[in-house]
A.B. asks: 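Sharing a structure here in structure tokens format.
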Number of protein chains: 2
Amino acid sequence: MDGRRSAARRGADGRAGRDGQAVPSATVGRLPGYLRALEATAAAGAVLTSSDELAERAGVTPAQLRKDLSYLGSYGRRGVGYDVAHLREQVTVALGLADVRRVLLVGVGNLGHALANYAGIAERGFVLVGLVDADPAVVGTTVAGLVVEPADDLAAVVARTGATIAVLTTPAAVAQQVCDALVAAGVVGVLTFAPCALRVPPHVDVRAVDVASELQILAFHDRARSAGGGAS
Amino acid sequence: MDGRRSAARRGADGRAGRDGQAVPSATVGRLPGYLRALEATAAAGAVLTSSDELAERAGVTPAQLRKDLSYLGSYGRRGVGYDVAHLREQVTVALGLADVRRVLLVGVGNLGHALANYAGIAERGFVLVGLVDADPAVVGTTVAGLVVEPADDLAAVVARTGATIAVLTTPAAVAQQVCDALVAAGVVGVLTFAPCALRVPPHVDVRAVDVASELQILAFHDRARSAGGGAS
DNA sequence: TAGATTGTTAATCGATTAACAATC
DNA sequence: TAGATTGTTAATCGATTAACAATC
């Protein structure tokens with residue numbers, strides 16, 4: 001309101017919070033956790049909460065939580081705390097979950113099948129609008145209430161459904177070409193489970209989940225523990 | 001060999017690379033990607049490679065790759081490049097994959113079932129040694145060649161199998177108590193898919209994968225794109 | 001008013017980048 | 001030798017932390 005920060009420092013990528021400041025990507029990565037913490041707090045019947053309580057639930061420090069929330073705006077009251085419903089609404093808006101996002105899943109194998117049936121997706125602001133697979137044996141079957149469509153129709157499915165986000169659970173060997181097709185069709189966010197790096201244009205966002213890599217990172221620490229063990 | 005850096009700067013957590021320096025956690029997080037890149041290079045038949053080629057495959061810059069590898073040691077030759085087989089061996093050792101790590105999976109639902117059958121786990125230095133579930137209808141069934149054991153036997157299963165790493169795919173409501181039991185039984189690394197923060201003692205490492213959170217992060221950028229769109 | 005709790009500042013810390021000397 | 005490419009340095013950048021003034 002006071003306009004002192006009106007010379008907006010906007011990030012190169014245009015990810016702007018209140019007042020036009022960019023929200024740091026590390027902060028963006030923690031917002032879903034804060035939203036979960038707020039939902040749990042609301043479910044417990046609380047109307048007010050504090051940075052201490054939310055931080056405890058989210059597994060961060062109170063200082064970090066307050067700093068992160070400050071990039072979105074000033075939604076608490078000093079000496080009082082945060083209104084649970086109001087803050088929840090603000091974080092929801094900040095994350096772009098005020099509108100439902102349409103998600104397309106490509107690759108209906110073991111993992112794709114499990115993800116298509118994962119209730120958490122629908123419960124948290126998304127709607128699965130399409131399933132695509134290259135295997136003729138899978139095409140035409142119904143999974144999670146949707147009929148699997150052929151990979152050749154990928155562009156048409158994106159156009160028809162208006163999907164902006166895709167989940168990629170294909171073999172690594174075809175991940176890049178499927179990703180290219182998704183991007184060409186207009187998808188701007190890709191969540192990939194394929195164990196390979198994906199190249200995308202700057203306007204597209206990729207998040208990669210690789211189960212084996214996560215295990216390897218755990219193995220690193222396990223090794224360090226065994227090898228270093230004992231003295232200190 | 002020259003001992004100049006023998007006044008080892010060891011990280012507080014004891015995660016030491018060559019010469020006792022700690023390997024930064026950001027670097028550790030990229031090592032699995034480098035290992036994948038090396039495997040792809042080896043599969044293509046190359047004996048020598050360069051930071052340019054590896055970085056391209058891993059999706060990072062050559063400077064970052066060289067910096068990361070420098071924390072492990074000096075395994076390249078100036079003016080020449082890296083020996084693929086040798087570097088692969090060194091990264092494997094650094095990640096603690098020289099010995100096979102035993103993995104226990106808790107929660108054999110949709111997702112747990114898919115992960116148990118995921119070939120990538122066995123292919124990358126791990127062996128699945130046990131499956132545990134609380135549902136009497138699931139206990140006793142065979143999945144991925146293993147008989148599912150009851151949750152009450154969790155400690156005994158950890159002891160019998162010698163598992164040091166656990167994959168947690170239970171409902172969020174029981175994730176913390178299962179995690180506590182795993183830690184009490186001696187597990188030192190947990191990969192959780194439950195959408196909630198887990199509290200563990202300092203000697204235990206947790207990696208959290210939350211599909212809905214990943215989608216929400218993509219939604220943030222999608223929103224920023226629509227809202228900010230147009231000018232510039 | 002006194003106590004509580006936020007939002008912000010400033011200091012610290014860690015990660016990334018670019019350039020280049022070392023060296024094959 | 002000349003060209004190539006690493007390993008390292010130093011500068012920059014971004015993230016975290018701690019303290020506290022603002023304010024309810």
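Letters go in sequence order (proteins before strands), and every chain restarts at 1. For clarity, every value in this text was computed on a predicted model and none was experimentally measured.
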A.B. asks: With no hydrogens and no angle check, is any side-chain donor or acceptor of B:R223 less than 3.5 Å from a backbone partner on A:A94?
C.D. replies: yes

A.B. asks: Hey, does the side chain of B:Q176 reach the backbone of B:R199 with a donor-acceptor pair shorter than 3.5 angstrom?
C.D. replies: yes

A.B. asks: Has the side chain of A:T49 got a donor or acceptor atom that lies under 3.5 Å from a matching backbone atom of A:D83?
C.D. replies: no

A.B. asks: Please confirm whether the backbone N or O of B:F193 pairs with a side-chain atom of B:T169, one donor and one acceptor, at under 3.5 Å?
C.D. replies: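 Pair absent, no side-chain N/O of B:T169 close to backbone of B:F193.
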
A.B. asks: Quickly work out the B:D68 CG to C:dT16 P distance and round it to whole Å.
C.D. replies: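 From B:D68 CG to C:dT16 P: 7 Å.
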
A.B. asks: Rounding to an integer number of Å, can you tell me how far B:R30 CZ sits from C:dA15 P?
C.D. replies: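 These atoms are roughly 9 Å apart.
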
A.B. asks: Evaluate the criterion salt bridge (charged side-chain N to carboxylate O under 4.0 Å, His left out) for residue pair A:D210 and B:R124; output intermediate values, then yes/no.
C.D. replies: CA-CA 12 Å; A:D210 181 359; B:R124 298 217 249 152; 3.1 Å; yes

A.B. asks: Counting only side-chain heavy atoms from C-beta out, which of D:dG7, C:dT8, C:dT6 sits nearest to B:Y82?
C.D. replies: D:dG7

A.B. asks: Under 3.5 Å, side chain of B:R101 to main-chain N/O of B:G96, donor-acceptor pair present?
C.D. replies: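 Yes; judged by distance alone, with no hydrogens or angles, the pair exists.
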
A.B. asks: Using a cutoff of under 3.5 Å, can you pull out all pairs of nitrogen or oxygen atoms linking the protein to nucleotides 18-24 of chain C, with atom names and distances?
C.D. replies:
from   : atom 1 : to    : atom 2 : distance (Å)
C:dA22 : N3     : B:R78 : NH1    : 3.3
C:dC24 : O4'    : B:R78 : O      : 3.0
C:dC24 : O3'    : B:R77 : NH1    : 3.3

A.B. asks: For B:L72 and D:dT8, give me the distance from atom CG to atom P, rounded to whole Å.
C.D. replies: 12 Å

A.B. asks: How close or far is atom P of C:dT6 from atom CD of A:E53, stated in whole angstroms?
C.D. replies: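 So the two atoms are 11 Å apart, to the nearest Å.
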
A.B. asks: What integer distance in Å separates B:Y75:OH from D:dT5:P?
C.D. replies: 22 Å

A.B. asks: Over how many whole Å does the gap from A:Q64 atom CD to C:dT12 atom C1' extend?
C.D. replies: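 Distance, rounded to whole Å: 14 Å.
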
A.B. asks: With a 6.0 Å cut-off (strictly less than), is the heavy-atom count around CZ of B:R77, excluding the residue itself, greater than 12?
C.D. replies: no

A.B. asks: So, the side chain of A:H86 versus the backbone of A:Y82: is there a donor-acceptor pair under 3.5 Å, distance only?
C.D. replies: no

A.B. asks: Fill in the dot-bracket string of DNA chain D, one character per base: . for unpaired, | for a pair to another strand, ( ) or [ ] for pairs within the strand, taking Watson-Crick or G-U pairs under 3.5 Å.
C.D. replies: ..||||||||||||||||||||||

A.B. asks: In whole Å, what is the span from the CG atom of A:D52 to the P atom of C:dT6?
C.D. replies: 7 Å

A.B. asks: Rounded to whole Å, please give me the gap between CG in A:L65 and P in C:dT6.
C.D. replies: 9 Å

A.B. asks: Look at B:S25 and C:dA15 and indicate whether a side-chain polar atom (N or O) is within less than 4.0 Å of OP1 or OP2.
C.D. replies: yes

A.B. asks: Please say which of A:L111, A:V103, A:T192 ends up in a side chain to side chain contact (heavy atoms under 4.5 Å, CB included) with A:V167.
C.D. replies: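 Output: one option passes, namely A:V103.
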
A.B. asks: Between C:dT5 and A:S51, is there an OP1 or OP2 to side-chain N/O distance shorter than 4.0 Å?
C.D. replies: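 For A:S51, the contact criterion (side-chain N or O under 4.0 Å from OP1 or OP2 of C:dT5) is not met.
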
